[in-house]
Amino acid sequence: MRIAVIDGMGGGLAAQVVSQLTGRLPEQVELIGLGTNALATAAMLKAGVKRGATGENAICVSAATADLIIGPIGIIIPNAMMGEITPRIAEAIGSAAAKKVLLPVSQNHFEIVGVEPKSLAALVKEAVSRILTLVEARG
């Protein structure tokens with residue numbers, strides 16, 4: 001199983017997810033970090049991913065081969081995250097066959113109705129729990 005964790009800006013959200021997943025996944029699960037910029041990728045590498053890549057093409061190619069994609073909801077919204085999510089990235093992630101676990105982190109130009117406001121720590125904890133459940137279900 002291949003899990004792609006995607007983030008931008010400073011990569012703080014993805015780094016928190018990665019650090020909580022590190023050591024809790026079966027050995028055969030490949031956890032990769034994909035950053036929209038080098039800072040985000042470096043944060044994920046520091047948090048524990050074994051491999052990382054940066055930029056639009058790396059994200060698009062890797063999204064197509066992932067079994068599970070994790071990141072803030074902005075990764076499927078063109079021009080989100082201060083413009084770091086290009087329309088091509090949003091389309092590649094949204095169109096990927098992989099299951100997506102998206103954290104409802106606020107975007108300046110979008111409002112997500114019906115989602116209870118939670119702290120980033122609570123969102124990360126829920127996402128990690130869901131990821132572990134999905135990995136376990138796949139055997």
Side-chain angles (χ1 to χ4, degrees):
M1 177 176 212
R2 188 170 199 215
I3 300 176
V5 184
I6 303 173
D7 204 358
M9 300 168 78
L13 181 141
Q16 288 181 50
V17 170
V18 168
S19 67
Q20 289 190 32
L21 285 173
T22 301
R24 297 175 71 184
L25 295 169
E27 268 188 49
Q28 70 272 20
V29 174
E30 180 184 21
L31 187 62
I32 61 170
L34 302 171
T36 59
N37 61 62
L39 284 174
T41 305
M44 288 183 272
L45 286 165
K46 185 176 180 182
V49 297
K50 300 289 186 246
R51 294 186 327 141
T54 303
E56 180 183 72
N57 198 58
I59 293 170
C60 293
V61 169
S62 296
T65 62
D67 299 299
L68 183 60
I69 296 173
I70 298 99
I73 196 165
I75 63 174
I76 59 165
I77 302 171
N79 304 310
M81 297 166 52
M82 297 179 65
E84 289 190 349
I85 302 300
T86 65
R88 184 171 171 238
I89 289 174
E91 181 178 7
I93 294 168
S95 299
K99 175 94 171 166
K100 288 106 182 147
V101 176
L102 303 173
L103 288 82
V105 179
S106 295
Q107 296 294 310
N108 290 340
H109 57 296
F110 278 86
E111 185 172 327
I112 304 165
V113 177
V115 176
E116 178 184 328
K118 295 182 182 180
S119 69
L120 184 56
L123 291 173
V124 168
K125 184 177 179 179
E126 282 186 39
V128 167
S129 176
R130 183 65 183 140
I131 294 161
L132 292 172
T133 299
L134 290 168
V135 168
E136 186 177 293
R138 286 195 61 151

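Because the structure is predicted, anything quoted here is derived from the model rather than measured.
- Nearest approach of Gly10 to Ala43, heavy atoms of both residues: O-CB, 3.5 Å.
- A heavy-atom distance below 4.5 Å is not found between the side chains of Lys125 and Lys118.
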> Going through the distances and angles, do Met81 and Asp7 end up as a side chain to side chain contact (heavy atoms under 4.5 Å, CB included)?
Replying inline: CA-CA 9 Å; Met81 297 166 52; Asp7 204 358; 3.6 Å; yes
>> Please evaluate residues Arg24 and Val128 with respect to the criterion side chain to side chain contact (heavy atoms under 4.5 Å, CB included), reporting the C-alpha separation (whole Å), side-chain torsions for both, the decisive distance (0.1 Å), and the verdict.
In response: CA-CA 10 Å; Arg24 297 175 71 184; Val128 167; 3.7 Å; yes
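- Between Arg138 and Leu68, the closest side-chain pair of non-hydrogen atoms is not below 4.5 Å.
- Counting only residues at least two apart or in different chains, side-chain hydrogen bond (donor to acceptor under 3.5 Å, both in side chains) contacts with residues 68-80 are absent.
- Counting heavy atoms from C-beta on, the side chains of Ile6 and Ile89 never come closer than 4.5 Å.
- Here the closest non-hydrogen pair linking Pro87 and Pro78 is CA-CB, 3.9 Å.
- Side-chain contact check for Val5 versus Leu31: some heavy-atom pair is nearer than 4.5 Å.
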>> Could you go through Lys46 and Val18, starting from their C-alpha distance and side-chain angles, then the distance that decides it, and tell me whether this counts as side chain to side chain contact (heavy atoms under 4.5 Å, CB included)?
In response: CA-CA 9 Å; Lys46 185 176 180 182; Val18 168; over 6 Å; no
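- Ile69 and Ala96 get closest at one heavy-atom pair: CD1-CB, 4.0 Å.
- In this structure the side chain of Ile85 never reaches within 4.5 angstrom of the side chain of Ile77, judged on heavy atoms.
- Inter-residue side-chain proximity for Met44 and Val17 is flagged as unmet; no heavy-atom pair is nearer than 4.5 Å.
- At most 12 non-hydrogen atoms from other residues, nucleotides or ligands lie less than 6.0 angstrom from CD of Glu136.
- Leu39 and Met82 fall into different hydrophobic clusters, defined by Ile, Leu, Val, Met, Phe, Trp and Tyr side-chain heavy atoms under 4.5 Å apart, directly or through other members.
- If you take CG on Leu103 and CG on Leu13, they are separated by 5.0 Å, rounding to the nearest 0.5 Å.
- With hydrogens and angles ignored, the 3.5 Å screen pairs no side-chain donor or acceptor of Asn37 with any backbone N or O of Gly8.
- The closest side-chain heavy-atom distance from Arg88 to Ile59 is not below 4.5 Å.
- A donor-acceptor distance shorter than 3.5 angstrom exists from the side chain of Ser19 to the backbone of Gln16, with no hydrogens or angles considered.
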> Step by step, would you call Thr36 with Thr86 a side chain to side chain contact (heavy atoms under 4.5 Å, CB included)?
Replying inline: CA-CA 9 Å; Thr36 59; Thr86 65; over 6 Å; no
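- Between Leu21 and Leu132 there is a side-chain heavy-atom pair separated by less than 4.5 Å.
- Scanning both residues, Ile32 and Arg2, for their nearest heavy atoms gives CD1-NH2, 3.5 Å.
- Considering all non-hydrogen atoms of both residues, Ala66 and Ala98 come closest at O-CB, 3.2 Å.
- Considering every non-hydrogen atom in both Glu84 and Met9, the closest pair reads OE1-N, 2.6 Å.
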